[in-house]
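For clarity, every value in this text was computed on a predicted model and none was experimentally measured.
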Amino acid sequence: MSLKSIIQDMRSRSRRVVQDGTAPEPTDGLVQSCWANMPQELLREVLMRIEASETSWPRRKSVVACAGVCRSWRAITKEIVKTPEVSGKLTFPISIKQPGPRDPLLQCFIKRNRSNQTYYLFLSLTNALNDDGKFLLAARKCKRPTYTDYIISLHAEDLSKGSSTYVGKLRSNFLGTKFTIFDGQPPHSGAKITKSRSTRLVNLKQVSPKFPSGNYPVAHISYELNVLGSRGPRRMQCIMDAIPASAVEPGGVAPTPTELSLSNVELFPSFPFLRSKSNADSLLAEPLASQKDEMLVLRNKTPRWHEQLQCWCLNFHGRVTIASVKNFQLVASSETEPPSQEQEKIILQFGKVGKDLFTMDFRYPISTFQAFAICLSSFDTKIACE
């Protein structure tokens, strides 16, 4: 049974209860319906299972209808739509811009279409490596004479910079050794926009006065040059401009936006019942406390050489099955002092499981969008690194 059919059945039953007049005079006509009187534990389980089984984003009116039945429904609906950090789920499109769960790793996979140079990100609904999954993001490679762009969108077909579903992009230099991740909206209230032709294209479709659309740099990725031409694993580093280094420590906090600046709010809902302030700044995450705060730096975990297999190996715990130079695991980097237990935790891992199928698992403090963009950098040709 889908969420839509449950809501329709709920409404019809509620109307019958009110029209028949057989029940005692209620304070709220809907409270006396069979759905409203369902035990909270059972209701929570039903809604959680429906949400987990859906292969597409829920419509705003469906979520509002659930929250409007009665107080118990409203409380449970609010619980389900909490941030990924708390719920471990990607319920609404805004979830892709929010940090993932602290534990465990959120499991996703990427499908590559070689014919049109497009990449599709899905949320894994089961532990199988070949499930259908829930579509999250798509990216298309646009090669230019001196650089390459990967345009990232919430829509699988509409992948243009001027689209209302544009969420950001990844840009590489000519050699494929340095990349910049640009967010389509400010990651926090102190973010600075980067002026470019693509920024003007985005501004043509400005749809929300709350957010100045454009390109905001949120991360920089670099691959070490292989000047000797030796064979071996790639070395990469990611500087997360909008995330403080303290975010990986116990009690650390990363910026968490609460609304997307999209025009089609009916198809792409955000969080309608978690906001208490009306001003635009309240919808943006707080900036770093001061300019002195260190940015989070991620580095790839060094693989070990396996003598029997004669190859470099990393333990992906069964999530990667094919050896590839693209495979990597990222952990927090600390150059000033020995890494703590929290810094040794894998924040993002990416690896090959089929000819055009790859797994992507990540956790707090990076978001789905940031993780996807970092993985896209591994697909790009690296002339000077191999």
Side-chain angles (χ1 to χ4, degrees), residues 100-110 112 124 127-130 175-179 219-240 243 245 247-250 294-366 370-386:
R102 293 185 183 266
D103 280 305
L105 289 166
L106 193 61
Q107 297 183 345
C108 306
F109 61 92
I110 299 172
R112 175 176 60 184
S124 298
N127 291 327
L129 297 177
N130 58 350
L175 296 177
T177 56
K178 295 185 183 298
F179 298 79
H220 293 82
I221 309 166
S222 60
Y223 289 81
E224 186 174 303
L225 289 171
N226 186 355
V227 294
L228 299 179
S230 58
R231 300 289 295 177
R234 293 173 177 171
R235 294 183 181 180
M236 64 185 295
Q237 176 180 273
C238 303
I239 301 175
M240 311 304 296
I243 304 177
V248 299
E249 300 297 340
E294 293 185 6
M295 299 175 184
L296 175 65
V297 178
L298 305 177
R299 59 172 176 81
N300 64 309
K301 194 171 184 179
T302 305
R304 60 181 180 84
W305 178 256
H306 197 292
E307 286 293 341
Q308 292 181 333
L309 298 178
Q310 290 293 297
C311 66
W312 297 95
C313 295
L314 284 169
N315 185 5
F316 288 93
H317 301 281
R319 291 285 294 165
V320 176
T321 58
I322 299 177
S324 172
V325 70
K326 295 179 176 62
N327 302 348
F328 65 80
Q329 291 178 325
L330 294 183
V331 296
S333 176
S334 177
E335 298 180 356
T336 57
E337 54 188 39
S340 63
Q341 184 177 359
E342 292 296 323
Q343 289 174 326
E344 281 299 306
K345 275 188 175 181
I346 295 171
I347 294 177
L348 170 63
Q349 68 176 22
F350 171 79
K352 193 172 185 177
V353 293
K355 181 180 179 181
D356 293 300
L357 187 64
F358 304 79
T359 56
M360 184 195 89
D361 306 334
F362 71 98
R363 63 156 50 93
Y364 196 93
I366 66 173
Q370 292 166 344
F372 185 43
I374 293 173
C375 292
L376 288 174
S377 72
S378 188
F379 286 107
D380 201 57
T381 304
K382 294 164 182 55
I383 301 173
C385 296
E386 299 168 357

Work out which heavy atom in [X] is nearest to a heavy atom in [Y]; give both atom names and the distance.
| X | Y | answer |
| --- | --- | --- |
| R319 | C108 | NH2-O, 3.3 Å |
| I322 | G354 | CD1-N, 3.6 Å |
| D361 | Q107 | OD1-CA, 3.3 Å |
| P365 | Q370 | O-OE1, 4.4 Å |
| I347 | A332 | CD1-N, 4.1 Å |
| G318 | T321 | O-CG2, 4.5 Å |

TODO: Answer yes or no: is there a side-chain heavy-atom contact under 4.5 Å between F328 and I374?
DONE: yes
Open item on the list: If you define the side chain from C-beta out and look only at heavy atoms, does anything of V248 sit under 4.5 Å from K345?
Closed with: no
Any chance you could measure [X], atom [atom1], to [Y], atom [atom2], to the nearest 0.5 Å?
| X | Y | atom1 | atom2 | value |
| --- | --- | --- | --- | --- |
| R235 | S222 | CZ | OG | 12.5 Å |
| I239 | E294 | CD1 | CD | 11.5 Å |
| I366 | L296 | CD1 | CG | 8.5 Å |
| N315 | Q329 | CG | CD | 7.0 Å |
| T177 | Y223 | OG1 | OH | 10.5 Å |
| L314 | Q349 | CG | CD | 9.0 Å |

Task: Parallel, tilted or perpendicular: ring planes of F358 versus F350, cut at 30 and 60 degrees - done: parallel
Task: Stepwise side chain to side chain contact (heavy atoms under 4.5 Å, CB included) check, R299 with V331 - done: CA-CA 6 Å; R299 59 172 176 81; V331 296; 3.6 Å; yes
Backbone N or O of [Y] within a donor-acceptor pair of the [X] side chain at under 3.5 Å?
| X | Y | answer |
| --- | --- | --- |
| T359 | V320 | no |
| R363 | R102 | yes |
| S378 | C375 | no |

Task: Partners meeting side chain to side chain donor-acceptor pair (under 3.5 Å) with N327 (sequence neighbours left out) - done: none
- [ ] Please identify each residue that fulfils side chain to side chain donor-acceptor pair (under 3.5 Å) with D356, with sequence neighbours left out.
- [x] R112, R114
Open item on the list: Restricting to ring-ring contact (aromatic ring centres under 6.0 Å, His included), what partner residues turn up for Y364, sequence neighbours left out?
Closed with: none
